[in-house]
Amino acid sequence: MAAALRIAVQAGPFDMAREAAAARAGRSDVGAVVTFTGVCRDEGRTLAALELEHYPGMAEAELTRIAEEAAARWSITAATIIHRFGRIAPGEDIVLVVTASPHRAAALEAASFLMDYLKTRAPFWKKEHPHSGEGGWVAAKGSDDEAAEKWK
Amino acid sequence: MAAALRIAVQAGPFDMAREAAAARAGRSDVGAVVTFTGVCRDEGRTLAALELEHYPGMAEAELTRIAEEAAARWSITAATIIHRFGRIAPGEDIVLVVTASPHRAAALEAASFLMDYLKTRAPFWKKEHPHSGEGGWVAAKGSDDEAAEKWK
Amino acid sequence: MKLVYFASVRERIGRPEEELDLPADVATVGDLIGWLKGRGLEYEAALSEPRAIRVALDHVHARPEAKLAGVREVAVFPPMTGG
Amino acid sequence: MKLVYFASVRERIGRPEEELDLPADVATVGDLIGWLKGRGLEYEAALSEPRAIRVALDHVHARPEAKLAGVREVAVFPPMTGG
């Protein structure tokens with residue numbers, strides 16, 4: 001199944017509804033559309049902002065490889081990944097994944113796979129800026145590695 | 001975690017973006033929002049429309065029970081289920097599930113659980129109206145029962 | 001007792017609902033399905049495959065052994081295909 | 001060879017990128033990390049925990065045994081935390 005892939009790495013916000021509509025447009029065999037939006041939490045009101053650093057060039061390349069792998073493993077008709085960089089305030093969106101498929105399991109599993117893989121493979125790094133005190137780089141979670149491992 | 005549950009059974013369309021926005025509104029601990037939209041396929045251009053019959057009263061009650069079970073099993077902050085009934089044309093939406101949570105795995109798993117459970121437990125029945133020839137009631141799938149069983 | 005029917009069960013029985021007085025020995029969901037099947041060819045056609053019949057008591061899914069005592073509305077329908 | 005650094009590695013080394021001539025015996029990713037650690041305290045601080053260092057060769061993740069021959073850009077960074 002030829003899947004329409006869309007990858008974007010951008011500073012500005014994205015329009016989830018528009019991306020979801022685009023992922024199903026022009027096809028009459030889509031039975032399921034899944035969106036995953038990752039949002040900046042305020043961590044108990046302690047966080048002023050996140051700063052997202054990325055590796056330009058590789059970020060787009062790696063997200064494309066991850067989307068291609070999802071398209072090879074599930075019968076999806078579309079996969080979209082949009083990842084923001086720069087300063088992001090609590091309540092703002094960080095990342096969007098959209099999948100479309102004839103079948104619900106494929107759309108849901110592919111979205112879950114995309115999130116697990118991009119968490120551990122896409123070259124982005126989060127730095128926390130708290131309202132007071134020292135911030136710092138967010139430590140990678142072992143649970144993220146385990147989540148990615150389960151798709152091997 | 002007290003989850004905001006929203007259940008609707010309606011003939012008319014829903015606004016996915018508005019529902020997703022409402023599911024995360026007013027909370028600063030939401031890190032993940034998942035939407036699942038079930039769409040009417042045209043089945044290789046053979047389908048003129050689906051007719052969705054439901055059991056008024058029980059449909060709302062059963063969807064509420066399913067949402068409550070998801071809220072008891074995952075740390076979600078919101079769960080929305082909207083299911084349409086009546087005549088639905090190919091390309092139109094049938095069902096919407098939205099989940100919000102501090103964590104991505106909870107939001108994704110709860111959305112998957114809600115879809116698996118409502119497929120086998122919510123009192124809705126699909127009748128196919130093809131462009132030509134006899135239509136009929138859609139047969140229940142054993143794979144749907146298996147999908148629901150895996151959450152036991 | 002009020003009975004309501006949906007989808008193929010409704011079409012085969014030929015009506016969406018009816019009020020029926022049950023015999024005293026019809027105590028469970030299973031008893032009810034067996035008794036309904038004896039009411040005519042349309043009921044037998046609708047209920048011939050017990051594995052393809054689901055029952056809800058007052059809006060809650062029920063198993064064949066569930067008791068009917070105190071129930072106001074019994075719904076009979078095929079496996080669900082929503083979503 | 002062009003080296004680029006990100007996040008905590010960039011901050012500790014104190015620059016985002018640099019052009020370096022590698023000795024002939026630095027053939028693999030693992031060799032490179034070992035050699036970089038000998039270049040000064042800032043490098044040693046940045047690369048002290050090998051398990052917390054990731055390397056990409058020309059925008060593709062690479063293991064310690066990967067060869068550097070023909071590579072134009074080497075990136076060194078901590079485990080990723082996007083998403």
Side-chain angles (χ1 to χ4, degrees), chain A residues 15-21 23-47 50 77 89-116 118-119 141 143-144 146-147 150, chain B residues 15-21 23-47 50 77 89-116 118-119 141 143-144 146-147 150:
Chain A
D15 182 335
M16 184 269 265
R18 195 177 63 186
E19 299 297 336
R24 62 193 272 192
R27 295 197 68 131
S28 55
D29 58 347
V30 171
V33 182
V34 171
T35 73
F36 178 98
T37 307
V39 182
C40 179
R41 296 185 304 252
D42 72 358
E43 309 298 350
R45 300 187 189 178
T46 63
L47 190 76
L50 279 180
T77 57
E92 284 187 52
D93 297 335
I94 301 169
V95 63
L96 174 69
V97 157
V98 182
T99 56
S101 169
H103 304 292
R104 77 181 186 284
L108 282 161
E109 287 176 19
S112 184
F113 167 88
L114 288 171
M115 282 307 303
D116 285 346
L118 81 80
K119 280 254 175 194
K141 288 188 202 139
S143 58
D144 286 338
E146 287 160 26
K150 76 169 184 266
Chain B
D15 183 335
M16 183 269 265
R18 194 177 62 187
E19 299 298 337
R24 62 193 273 191
R27 295 197 68 129
S28 55
D29 57 349
V30 171
V33 182
V34 171
T35 73
F36 179 97
T37 307
V39 182
C40 178
R41 294 184 305 252
D42 72 357
E43 308 298 351
R45 300 186 189 175
T46 63
L47 190 77
L50 279 180
T77 57
E92 283 187 53
D93 297 336
I94 300 169
V95 62
L96 175 70
V97 158
V98 182
T99 55
S101 170
H103 304 291
R104 78 181 187 284
L108 282 161
E109 286 176 20
S112 184
F113 167 88
L114 289 171
M115 282 308 303
D116 285 345
L118 80 82
K119 279 256 174 192
K141 288 187 203 139
S143 59
D144 286 338
E146 288 161 26
K150 74 168 184 267

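Chain letters run A, B, ... following the sequence lines, proteins first, then strands; residues in each count from 1.
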Query - Residues that A:Glu43 engages under side-chain hydrogen bond (donor to acceptor under 3.5 Å, both in side chains), provided they are two or more places apart - result: A:Arg41

Report task. Using a heavy-atom cutoff of under 4.5 Å, enumerate the residues of residues 30-39 of chain A that contact chain B, numbered in order, or state 'none'. Result -> A:Val30, A:Gly31, A:Ala32, A:Val33, A:Val34, A:Thr35, A:Phe36, A:Thr37, A:Gly38, A:Val39

Query raised in the report: Using a cut-off of under 4.5 Å for heavy-atom pairs, which of B:Val95, B:Asp93, B:Leu47 has the most such pairs with chain A?
Result: B:Asp93

Report task. Flag the pair B:Asp29 and B:Arg24 as a salt bridge only when some basic side-chain nitrogen lies within less than 4.0 angstrom of an acidic carboxylate oxygen. Result -> no

**Report entry** B:Glu109: side-chain contact (heavy atoms from CB on, under 4.5 Å) partners, not counting sequence neighbours
**Finding:** B:Trp74, B:Ala105, B:Trp151

Query raised in the report: Does A:Thr77 reach the side chain of A:Thr99, with side-chain heavy atoms less than 4.5 Å apart?
Result: no

Query - Options B:Lys119, B:Met115, B:Arg45, B:Met16, ranked by heavy-atom pairs under 4.5 Å with chain A, top entry - result: B:Lys119

Query - Nearest heavy-atom neighbours spanning B:Ala20 and B:Val98 - result: CA-CG1, 4.0 Å

Report summary line: Hits for salt bridge (charged side-chain N to carboxylate O under 4.0 Å, His left out) against A:Arg104, two or more places apart or cross-chain, chain-then-number order -> B:Asp116, B:Asp144

Query raised in the report: Side chain, backbone, both or neither: which part of A:Ala100 has an atom under 4.5 Å from a heavy atom of chain B?
Result: neither

Report summary line: Interatomic distance, OG@A:Ser112 vs NZ@A:Lys150, rounded to 0.5 Å, equals 4.5 Å

